[in-house]
Amino acid sequence: MGDELTLFFGGDICGTLGVDIAVRVIPELLKAEKLDFIIVNGENAAKGSGIELEQAERLFAAGVDVITGGNHSMERFDLRAGFGQEPRILRPANYPLAPGSGIIAVRKPQGTLTVLNIQGRENMRPIDCPFQTADRLLAEQAGGIVMVDFHAESVQEKEALAYYLDGRVSCVFGSHTHTQTADERILTGGTGYITDAGMIGAFHSIIGSSIEAAVARSLTLTPQTFNIPETGEALFCGIIARVSLETKKTLSLKRVYKAGI
């Protein structure tokens, strides 16, 4: 419809299988849901750590507009150097002095849509304050629709940031836990929210990684290789938001959950 914008946010893409299934499903979803804007989190695409440029190009060709990141985005030295060369690939904005950017404004026929990528600190690496980072970056924006990918472990912290930004951004969608939550809602100020959009990757896995390695880690309390299944049935998760072009408020939310594909 001409008075609203429909956007999709896809949860963390895990491994080559996650990229493959995203490239297959996104064009179908784009057509079926008449999507205007597509964002996916790609921090686990390259065997769990970051995203390779070739993988990103495949996603862009499938219809993705922006790829967000998280705590694994900066782990591979060979990929870290690429941040900033492709502005559509973000990393969390509150990493101090890191290469690349955590925010991008994209012009569409319907108007400007800004994507802000922030990382939490509770039970995670201590980096700059996500609340203050959001304040600073939002103050520099000229308005328009703003979608926030909050890559965080703590539900409390995710909800706190959503309410803190309520009415100032269109959507706050959580990532990182790889498990889709059933708590999508529109807050009193019009901001759409979900604690976690889920993941795109192996269906028969433990949050996207090898079942055997995850069980061994829990049994032995020792580090295990983060093996990501690259074949088999897949899971595709995310959330669709319809946002008013006039008020910039979220009008509706719909979870996407496709299992065993």
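Count residues from 1 along the sequence.
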*Looking at T133, I127, I118, which one forms a side-chain contact (heavy atoms from CB on, under 4.5 Å) with Y95?*
I127
_Under the rule for side-chain hydrogen bond (donor to acceptor under 3.5 Å, both in side chains), what residues qualify as partners of E28, not counting sequence neighbours?_
none
*Closest heavy-atom contact between F150 and V172?*
CB-CG1, 4.3 Å
*How does the hydrophobic cluster around V215 look, that is, which other residues are in it when side-chain heavy atoms under 4.5 Å mark a link?*
I206, I207, I211, L219
*Rounded to the nearest 0.5 Å, how far does CD1 of I67 lie from CD1 of I38?*
11.5 Å
_Quick check against the 3.5 Å criterion: does E230 have a side-chain atom that pairs as donor or acceptor with the backbone of G15?_
no
*Report the relative orientation of the aromatic rings in F8 and F236; use parallel for angles under 30°, tilted for 30 to 60°, perpendicular for over 60°.*
parallel
*Is there a side chain to side chain contact (heavy atoms under 4.5 Å, CB included) between N117 and V66 once you walk through the steps?*
CA-CA 10 Å; N117 190 186; V66 174; over 6 Å; no
_Path from F9 to L235 over hydrophobic side-chain contacts below 4.5 Å_ = no
_Flag if over 12 foreign heavy atoms under 6.0 Å of CZ, R125_ = no
_Closest non-hydrogen atom pair, I145 against S170_ = CG2-OG, 3.4 Å
*Given the rule in the side chain to side chain contact (heavy atoms under 4.5 Å, CB included) test, do Q119 and N71 qualify, once you have shown the distances and angles that lead to the verdict?*
CA-CA 7 Å; Q119 184 173 309; N71 56 302; 3.6 Å; yes
*Residues in side-chain contact (heavy atoms from CB on, under 4.5 Å) with I186, at least two apart?*
T250, L253
*Work out which heavy atom in I51 is nearest to a heavy atom in G42; give both atom names and the distance.*
CB-O, 3.4 Å
*CG/L5 to CG/L245 distance, rounded to the nearest 0.5 angstrom?*
6.0 Å
*Please check if V146 and L7 belong to a single hydrophobic cluster, counting links between Ile, Leu, Val, Met, Phe, Trp and Tyr side chain heavy atoms closer than 4.5 Å.*
no
*Has the side chain of E157 got a donor or acceptor atom that lies under 3.5 Å from a matching backbone atom of G120?*
no
*To the nearest 0.5 Å, what is the distance between CZ (F173) and OG1 (T181)?*
10.5 Å
*Within one Ile-Leu-Val-Met-Phe-Trp-Tyr cluster: I21 and M199, side-chain cutoff 4.5 Å*: no
*Mind jotting down which residue pairs meet the salt bridge (charged side-chain N to carboxylate O under 4.0 Å, His left out) criterion with at least one end in residues 38-62? Sequence neighbours excluded, please.*
D20-R58, E52-R76
*Give every residue pair that meets the side chain to side chain donor-acceptor pair (under 3.5 Å) criterion with at least one member in residues 193-205, sequence neighbours excluded.*
K158-D196, T177-D196, D183-T195, Y193-T195, H204-E233
*Would you please name every residue forming a side-chain hydrogen bond (donor to acceptor under 3.5 Å, both in side chains) with S244, sequence neighbours left out?*
T247
*Which salt bridge (charged side-chain N to carboxylate O under 4.0 Å, His left out) pairs, counting each pair once, include a residue from residues 89-105, with sequence neighbours left out?*
none
*Can you see which heavy atom on S73 is nearest to which on G70, and at what distance?*
OG-N, 2.8 Å
*Hey, what do you get for OG1 (T16) to CD (Q55), rounding to the nearest 0.5 Å?*
5.5 Å
*Can you check whether P99 reaches M74 side chain to side chain, under 4.5 Å on heavy atoms?*
yes
*Quick one: salt bridge (charged side-chain N to carboxylate O under 4.0 Å, His left out) pairs with a partner in residues 92-111, sequence neighbours left out?*
D65-K108
*Please report the shortest heavy-atom distance between P229 and S209, naming the atom on each side.*
CD-C, 3.7 Å
_Partner residues of H176 under the ring-ring contact (aromatic ring centres under 6.0 Å, His included) criterion, sequence neighbours left out_ = H151
*Treating Ile, Leu, Val, Met, Phe, Trp and Tyr as nodes and any side-chain heavy-atom pair under 4.5 angstrom as an edge, say whether V19 and I26 lie in one connected cluster.*
yes
*For L187, does its backbone N or O pair with a side-chain atom of T191 as donor and acceptor, under 3.5 Å?*
no
*Does a donor on one side chain and an acceptor on the other come within less than 3.5 Å for H178 and N44?*
yes
Quick one: side chains of residues 254-261, donor-acceptor pairs under 3.5 Å with protein atoms, not counting sequence neighbours, listed by atom name and distance.
| from | atom 1 | to | atom 2 | distance (Å) |
| --- | --- | --- | --- | --- |
| K254 | NZ | E33 | OE1 | 3.1 |
| K254 | NZ | E33 | OE2 | 2.8 |
| R255 | NE | E184 | OE1 | 2.8 |
| R255 | NE | E184 | OE2 | 3.2 |

*Is the side chain of K34 donor-acceptor paired with the backbone N or O of K31 at a distance under 3.5 Å, no angle test?*
no
*Hey, could you give me the OG1/CG distance between T114 and L138, rounded to the nearest 0.5 Å?*
8.5 Å
_Pairwise salt bridge (charged side-chain N to carboxylate O under 4.0 Å, His left out) hits with a residue in residues 128-155, at least two apart_ = D135-R168
*asked:* Walk me through whether M147 and F37 qualify under side chain to side chain contact (heavy atoms under 4.5 Å, CB included).
replied: CA-CA 11 Å; M147 180 272 174; F37 204 92; over 6 Å; no
*Residues which pass side-chain contact (heavy atoms from CB on, under 4.5 Å) with T188, listed by chain and number, not counting sequence neighbours*: D166
*Where do L17 and I228 land on the side chain to side chain contact (heavy atoms under 4.5 Å, CB included) test, with the steps shown first?*
CA-CA 9 Å; L17 178 61; I228 294 181; over 6 Å; no
_Closest non-hydrogen atom pair, T112 against A105_ = CG2-CB, 4.0 Å
*Got a second to check how far S154's OG is from E159's CD, nearest 0.5 Å?*
8.5 Å
*asked:* Looking only at side-chain N and O atoms, does T6 offer a donor or acceptor that is under 3.5 Å from a partner on E4?
replied: no
_Hphob cluster co-occupancy, L116 + V106, side-chain heavy atoms under 4.5 angstrom_ = no
*Heavy-atom side-chain proximity of I89 to L53 below 4.5 angstrom*: yes
